[in-house]
Amino acid sequence: MIDQVPELAAEGAARIAGAAELDALREVETDLLGKKGRLTLLKKQLGGLDPDARRAAGQAINDARATLEAAVERRRTELATVARSAQLVAERLDLTEVTEQRRRGSLHLVTQTWDRLVDVFVGMGFTVAEGPEVETDWHNFEALNIPSAHPARGMWDTLYVDLGEPETVVLRTHTSPVQIRVMTDTEPPIYSVMPGRVFRRDTADASHMPVFHQIEGLVVDRGISFADLAGTLEAFTSAYFGGSIHSRLRPSYFPFTEPSAEYDINCVFCEGSGCRTCGQTGWLELGGCGMVHPNVLTNVGLDPERWTGFAFGFGLDRLALMRHGVDDIREMYTGDVRFLEQFPA
Ligand code: 2NL
C-alpha cells in the first residue's frame, strides 16, 4: 500500500501542472485531496497495517499531501495571474480611439448675416422690429408717398395676393411697411432696424431672386439731419466690414425720402487696378437712404415741423454675397449642402 503513495504523488503533481484552468485545477484538487479523494482513501486503509508500517505509510501520505497542497496553491496563483491578464486585455477601453462624430448642421448664411447685422445695430443703440410679409397697399405703397398712379410704382415688380377683399393686398416688396407700422404705433424718438423677407416678381438670375431679404433702418427724433445719416452709415460700415472700409453717399431718388442718396462702400475686392467686381471705380453700391419725406411723416400722424428723421435700406443677401465673394445669389437658395458647409457657424 505504501508503494502506491509515491505513484499517486507523481501522478498528482503531473495533473496539477497540466491543469489549464482554475476549474480543472479544482477538480484535480478534489480528486486527490478532497474528503473522498484518493489520498484520503489511502489514509483510511492505514488501520489494517501493523504499527511500524502504519507509521511509515502515514508519514508518506502526510508528506505527499503537503507536497500536493503546495503544488495546487502554486498552480492556482499561476492560473489566476493568467486569467487576470486575459481579463484586462479583453476589457480594455481605448480612450484615445477617434470615433465618427455626429454630423452637426449650422445656421444658413442668410441667417448668419441677419444675426451679425442686427448685432452691429443693437451695439449702436438700435432696437429691432419685424412685421407681416403679406401687406396692405397702404403700408407697402400709399403711406410711403407712392400713390397707385405714380410712375415710381414701376420701381417694384409687385406680387399681388387675391384675398377677395376690396383692399389691395401684396407680398411686401420691401421692409419699409414695418417702418410705417413702427411710426404709426410708437411715439418718437425711434431708433430701429427692420430685417425681413421681401418679394418681387422677378426671374431668378445671378443677382436676382423673387424672394430675398432686406434690412432697413429708421431714426425719427428732434433735429435729426443728413449729417446724422452719413455718420451713422459710416459707423455701421466700419463696424461691420472692418475699420479700413468706408462709405460714401451719391445723390439719387426715392419717393419716400428727400433728399435721397445711394450708399456705397469701398470695394472689398480691389487690389489696385483691374478689379472686375467694381469696374475699377473702387466703390460698391450697397443700398439707398435719405431724409424721411415730410409726406411720409404726415401719413403716419407725425408733424414734420416737430420731427425729422432718416432711413436707409440694403439687400441682406447682396451683402452676404459681397462679404464672402459668392458670385451667384441662387447658390443661397438651392440648399446644396456643399455650398452651405463652406459657412459653418
Ligand atoms: C434700397 C433703398 C431705402 C428707405 C429705404 C424708408 C422707409 C420709410 C421712410 C423713408 Cl418708412 N425711407 N426706407 C429709404 C431709402 C432707401 O432702401 O436700395 N434698399 C434695398
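Treat the numbers as computed from the prediction; the structure is a model and nothing was measured. Atoms within a ligand are numbered from 1 in the order they appear, just like the ligands themselves. Values below: every heavy atom of this structure, side chains too, minus hydrogens, waters and symmetry copies.
Look at Glu285 and Arg250 and you find a salt bridge, because one of the NZ, NE, NH1 or NH2 atoms lies within 4.0 Å of a carboxylate O, short of that distance.
The shortest contact between atom 20 (C) of ligand 1 and any protein heavy atom is with Gln214 NE2, 3.3 Å. Looking only at heavy atoms of the protein, atom 7 (C) of ligand 1 is closest to Gln179 OE1, 3.3 Å. Given atom 2 (C) of ligand 1, the protein heavy atom at minimum distance is Gly288 N, 3.5 Å. Scanning the protein heavy atoms around atom 1 (C) of ligand 1, the nearest turns out to be Gly313 O, 3.3 Å. Of all protein heavy atoms, the one closest to atom 13 (N) of ligand 1 is Glu216 OE1, 2.8 Å. The nearest protein atom to atom 6 (C) of ligand 1, hydrogens excluded, is given as Ala311 CB, 3.3 Å; this is a heavy-atom distance.
Remark: aromatic rings of Phe236 and Phe314 are close, center separation under 6.0 Å. Two rings, from Tyr263 and Phe312, have their centers 6.0 Å or more apart.
Not counting sequence neighbours, the partners of Thr257 by the side-chain hydrogen bond (donor to acceptor under 3.5 Å, both in side chains) test are Ser260.
For ligand 1, the atoms lying closer than 4.0 Å to a non-hydrogen atom of Gly287 are 18 (O). Each of the atoms 11 (Cl) of ligand 1 lies under 4.0 Å from some heavy atom of Ile180. Atoms of ligand 1 found under 4.0 Å from any heavy atom of Thr257, numbered from 1 in the order shown, are 10 (C), 12 (N), 14 (C), 15 (C).
How far CH2 of Trp114 is from CG of Leu319: 14.0 Å, rounded to the nearest 0.5 Å.
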**Item:** side chain to side chain donor-acceptor pair (under 3.5 Å) assessment of Thr96 paired with Asp94
**Value:** CA-CA 5 Å; Thr96 67; Asp94 182 358; 2.6 Å; yes

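Screening residues 8-19 for salt bridge (charged side-chain N to carboxylate O under 4.0 Å, His left out) gives Glu11-Arg15, Glu11-Arg38, Arg15-Asp31 as the qualifying pairs, with residues at least two apart or on separate chains.
At least one heavy atom of Met183 sits less than 4.0 Å from an atom of ligand 1.
The residue among Phe256, Tyr253, Phe254 with a heavy atom at the shortest distance from atom 9 (C) of ligand 1 is Phe256.
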